Colleague: 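Structure provided below as structure tokens; questions to follow.
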Amino acid sequence: MIKAILIFNNHGKPRLSKFYEHYSEDTEQQIIRETFHLVSKRDENVCNFLEGGILIGGSDNKLIYRHYATLYFVFCVDSSESELGILDLIQVFVETLDKCFENVCELDLIFHVDKVHNILGEMVMGGMVLETNMNEIITQVDSQNKMEKSEAGIAGAPARAVSAVKNMNLPEMPKNINIGDISIKVPNMPSFK
Amino acid sequence: MSPSVRLQEMIRVIRSARTQGEERGVIQRECAAIRAQFRQGDNGSRSHNLAKLLYVHMLGYPAHFGQMECVRLIASPRYNEKRIGYLGAMMLLDEKQDASLLITNSIKNDLSHSSQYVQSLALCTLACMGSAEMCRDLAPEIERLLRASNSYIKKKAALCAVHIVRKVPELGELFTPSARSLLSEKNHGVLHGAVVLITELCERNLDTLDQCRKAVPELVQIMKGLVMSGYSPEHNVAGISDPFLQVRILRLLRILGRNNDTASDAMNDLLAQVATNTDSSKTAGSAVLYETVLTIMDIKSESGLRVLAVNILGRFLLNNDRNIRYVSMTSLQKIVQTDHNAVQRHRGTIVDCLKDQDASVQRRALELSLALVSAVNIRSLMKELLLFLSSCPLELRANTTSGIFLAADRYAPSQRWHIDTILHVLTTAGGDVRDETVPNLIQLITTASDLHSYTVHKLYRALVADIQQQSLVQVACWCIGEYGDLLMKGECEETEPVQVTEDDVLDALETVLQSHMSSPATRAFALTATMKLSTRITNNVDRIRSIVSIYGSCIDVELQQRAVEYNALFKKYDHMRAAVLERMPVIDKNSPGHINGDFTAGVKESELVKVKQVEADRPQETNQACDLLGLLGDSDQPWQPSPAQPTTAPSSASTNMGGDLLDLLGGLDPIPAPAVTVYEKNGLSIKLQCDKKMDTGVTVTFTASNSSDNDISSFTLQVAVPKSVQLQMKAPSGDVIPAQGAGHVIQTVLLNNPNKVNLKMRVRVQYSKQGSVCQDMLQIDSLPTPALQ
């Protein structure tokens, strides 16, 4: 059984934390910190398996981690899971994220935590591996997103348009051009028929 | 505005906070706003606020006020809100919260919703945080979904069923038939879920296990399909067709084939096929191979297959990828018990892994090496382990030292080698050894009587070199105290003798006494050693007297007490000094001073007394045994002399009876049976009291008191019982009975009478009074019945 799935960056800030066993809020944060300490000490070319820290169950549980650029993906599992299998699962997870977010980077994970949770929910359920076929996962996630969009309905469309324009990177068009003490105002263009 | 934008704004603001305090302030403001909005807001903004709250929760700030919001959102008809509500439920709620009961009804409704995505949300949440009551309520729904729905829901329902079975094992029978039928599905996701469910059911219930054995041919068929099928793009991971499913099926086959010949036979071909056909150049292939090997080793497979499996593991060990090496060592650990010889072949590689830089690999290699130690390879392996000890990471040191000691204990080729090894460990890693090491080592040294001078020379050198390692210093002090005369004689065959004077030795001991690095226990050792030397050296007795009197006013109470007593030994009891401080006899492994891990000087005196009893009794024990047997030649039942010395430690509960009685001693509180006086002569009277603890066990307590005018000392009791009765004697409370009834000695004897013979006892009493030794025998034909049955 998978006890917890954690994603944090090189400084230990959590980007995703999902626990499949109940711990109190304080314990959860302590587990994240402890795991970060254990994992960040590891060299680059050592194996990807670690004994778990004391809080998460000690030597019965293993931490299986992968380090991608600035992020650590850590799965805390007990002895009933195959270690190499979980390593592959992490790879599948990251590839799925890549497909869903188009060249995923840390910022995507920061600003779209709920989407990451939904994707993870299609892969791991209740601590057990649900689906490992990337295409299948992506199909489901897409149809769920479609459902969400359709519910937001027409009312949602202008809001999305506004947000799309806001996020567009247009070059700045200055309204006032100051050359010395001459001020030229750009005239409003008349609309064409 | 769509929820993400609001969330994104908040995230941006939080990220722009420069300090932790600023971030806390921002989050507190946001949480206050969220709380206000929860109170009055409409459903639309509720979901945005909950999304923000979940982000805040992930960062570690309290978010419990969002729990009721989750409940409300789950009940909403809109998919958006349900989704966020369920996510919130999974993150914020758990079975201990009351709010979780409120969502049961919503989940129930959603499980029969028309949209499969809503159903899946409900299933997901139930599997994540469903409590036992919720599971019981909703189990029939899940079972229905297992049978009649599309494959997307089926696979989720299967895993949800696994969670239910974990929470409420009795419901397992409900799911068994549907689980079996799921095996005929084509969809890999459903197959995967079905295999996990069957695995869980079989692990919990043996009947299910028997039923599911019939499914072995089906499983074998599926596996064959996976292995032999060509490239299938949708399930392909690095060239292997759905390795996740293959691994799961192999694990299930392992459980089904364990201890069952027919099932194992059906699997043999398949396992051979998988083992030979799988390409192990990538991790996926290795995962499948590794699982195959574990399965082969666990079921009743034929020997050729087992050899193949061990060879695969050996190949893994030589792989460059550390992950694979780690994994193969884990599996070798599992099979080292059963196939010891096969693993021994790879010993060289395993020992090399000890030198790896990776701490995880080192840990595995250490455990495996310790499991591989045998009488044949002990010397070479110990060299490697000692080398490892000097360079191993700190967290592994304690394990290594205890492993080395255990191995040395079991397979030491000679006593000298044993002592050398322990000394080496103490010098390298003395701070990480267990507490029992010191008494164990001392006991070992006393038994190796021909090596005393060698040992004391080595220890003296080590002591002079370094006094930091407390265990080493303690042992060294003890040895110098005991065998100081051998040291100063300056002759030794095995090692170069050290030319040392009495002053040097006393200097060394004094350094230990005065050093701030020495722990109180170590200083106690050093003080007693100094005292013992007073009988073994001739010139510097005054120096010893002065040292001892200085410590008579030491702050440490233990040291002070010792010093005052030793001072008294110099002043008032000088005639007894030589006798008290003479060489200790060989310590029996079970004596109390040995098991008592806190082997401080404080224990010494009582131990000296007890050991004296041992000394006195030992040479006489055989005589007495013969005597008892001789005297009882006319009795119809052969008697057995008391097998245990009065000094047997109460903690050696090796006899079951002792253990049982010790357990019951805590619980029962019987009315004390009447004490019967069994012996009365010369002022010494012995009373006997019986407590019946269980059907076959009796505790007999002897209380000896003295009404004469003189003290009785060296009082010992020995007991003989019929052959079928087991006897265990506890340590007596003392051996001196003061005059005029001022005190008494209590001796407890535990008897186990499994054959329920008539309990008779013969007791021999021995004591000295007014300088003369008296001995007497008394026979007890029946024990007084206790008040409590």
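Computed from heavy atoms alone, side chains included, the values below leave out hydrogens, waters and symmetry copies. Throughout, a chain's letter reflects where its sequence line sits, starting with A, and its residues are numbered from 1. Bear in mind the structure is a predicted one, so any value in this text is a computation, not a measurement.
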Colleague: What part of Met91(B) is in contact with chain A, defined as an atom under 4.5 angstrom from a non-hydrogen atom: side chain, backbone, both or neither?
Modeller: side chain
Colleague: Could you state the interatomic distance from NZ (Lys62(A)) to OG1 (Thr330(B)), rounded to the nearest 0.5 Å?
Modeller: 5.5 Å
Colleague: Any side-chain heavy atom of Arg83(B) within less than 4.5 Å of one from Gln144(A)?
Modeller: yes
Colleague: Need one label for Glu83(A): side chain, backbone, both or neither, based on atoms under 4.5 Å from any heavy atom in chain B.
Modeller: side chain
Colleague: With a 4.5 angstrom heavy-atom cut-off, is it the side chain or the backbone of Tyr79(B) that approaches chain A, or both, or neither?
Modeller: both
Colleague: By a 4.5 Å heavy-atom criterion (distance strictly below it), what part of Leu87(A) contacts chain B: side chain, backbone, both, or neither?
Modeller: side chain
Colleague: Any heavy-atom pair between the side chains of Leu107(A) and Arg15(B) that's under 4.5 Å?
Modeller: yes
Colleague: Does any heavy atom of chain B fall under 4.5 Å from the side chain of Arg42(A), the backbone, both, or neither of them?
Modeller: side chain
Colleague: Please classify the contact of Asn45(A) with chain B as side chain, backbone, both or neither, using a heavy-atom distance under 4.5 Å.
Modeller: both
Colleague: Salt-bridge test for Lys41(A) and Glu395(B): reply yes if a basic N is under 4.0 Å from a carboxylate O, no otherwise.
Modeller: no
Colleague: Can you tell me if Gln357(B) uses its side chain to pair, donor with acceptor, with the backbone of Asp43(A) under 3.5 Å?
Modeller: no
Colleague: Please state whether the side chain, the backbone, both or neither of Gln91(A) comes within less than 4.5 Å of a heavy atom of chain B.
Modeller: neither
Colleague: What part of Ser115(B) gets within 4.5 angstrom of chain A, counting heavy atoms only: side chain, backbone, both, or neither?
Modeller: side chain
Colleague: Are Arg364(B) and Phe49(A) in a cation-pi contact, defined as NZ or CZ under 6.0 Å from the six-membered ring centre and within 45° of the axis?
Modeller: no
Colleague: With chain B as the partner, which of Gly121(A), Gly127(A), Ser80(A) has the greatest number of non-hydrogen pairs under 4.5 Å?
Modeller: Ser80(A)
Colleague: Can you tell me which portion of Glu21(A) sits under 4.5 Å from chain B's heavy atoms? Options are side chain, backbone, both or neither.
Modeller: neither
Colleague: Do the side chains of Glu81(A) and Arg251(B) get nearer than 4.5 Å, heavy atoms only?
Modeller: no
Colleague: Which bit of Leu87(B) comes within less than 4.5 Å of chain A, counting heavy atoms only: side chain, backbone, both or neither?
Modeller: side chain
Colleague: Most heavy-atom pairs under 4.5 angstrom with chain A, which of Arg166(B), His188(B), Lys282(B)?
Modeller: Arg166(B)
Colleague: Relative to chain A, which segment of Asp356(B) carries a heavy atom at a distance below 4.5 Å: side chain, backbone, both, or neither?
Modeller: neither
Colleague: Hey, does Ile110(A) have a side-chain heavy atom less than 4.5 Å from the side chain of Tyr55(B)?
Modeller: yes
Colleague: Against chain A, label Tyr61(B) side chain, backbone, both or neither, depending on which of its atoms sit under 4.5 Å from a heavy atom there.
Modeller: backbone
Colleague: Given a strict heavy-atom distance threshold of 4.5 Å, which part of Ser79(A) is in contact with chain B: side chain, backbone, both, or neither?
Modeller: backbone
Colleague: For each of Leu123(B), Val327(B), Leu121(B), Ile324(B), tally heavy-atom pairs with chain A at distances under 4.5 Å, and name the one with the top tally.
Modeller: Val327(B)
Colleague: Less than 3.5 Å apart, any donor N or O on the side chain of Ser82(A) or Tyr290(B) sitting next to an acceptor on the other?
Modeller: no
Colleague: With a 4.0 Å cut-off, would you call Glu122(A) and Lys156(B) a salt bridge?
Modeller: yes
Colleague: Go through the steps to decide whether His57(B) and Glu25(A) satisfy the test side-chain contact (heavy atoms from CB on, under 4.5 Å), and finish with yes or no.
Modeller: CA-CA 8 Å; His57(B) 172 79; Glu25(A) 282 174 4; 3.6 Å; yes
Colleague: Compare all side-chain heavy atoms of Val113(A) with those of Leu54(B) and state whether any distance is below 4.5 angstrom.
Modeller: no
Colleague: Using side-chain heavy atoms (C-beta onward) and a distance below 4.5 Å, is Arg12(B) in contact with Phe111(A)?
Modeller: yes
Colleague: Checking Asn48(A) against chain B: side chain, backbone, both or neither under 4.5 Å from a heavy atom?
Modeller: both
Colleague: With a 4.5 angstrom heavy-atom cut-off, is it the side chain or the backbone of Gln30(A) that approaches chain B, or both, or neither?
Modeller: neither
Colleague: Taking every non-hydrogen pair under 4.5 Å, which of Lys13(A), Met1(A), Glu51(A) racks up the most with chain B?
Modeller: Glu51(A)
Colleague: In terms of heavy-atom proximity below 4.5 Å to chain A, should Arg325(B) be classed as side chain, backbone, both, or neither?
Modeller: neither
Colleague: Counting only non-hydrogen atoms closer than 4.5 Å, does Ser120(B) touch chain A with its backbone (N, CA, C, O), its side chain (CB onward), both, or neither?
Modeller: side chain
Colleague: When only pairs under 4.5 Å are counted, which of Ala359(B), Ala287(B), Ala63(B), Gly130(B) shares the most heavy-atom pairs with chain A?
Modeller: Ala287(B)
Colleague: How far apart are the C-alpha atoms of Glu44(A) and Arg322(B), what are their side-chain angles, what is the distance that settles it, and do they pass the salt bridge (Lys or Arg N to Asp or Glu O under 4.0 Å) test?
Modeller: CA-CA 12 Å; Glu44(A) 274 313 307; Arg322(B) 283 202 174 86; over 6 Å; no
Colleague: Name the region of Leu120(A), side chain, backbone, both or neither, that has any atom closer than 4.5 Å to a heavy atom of chain B.
Modeller: neither
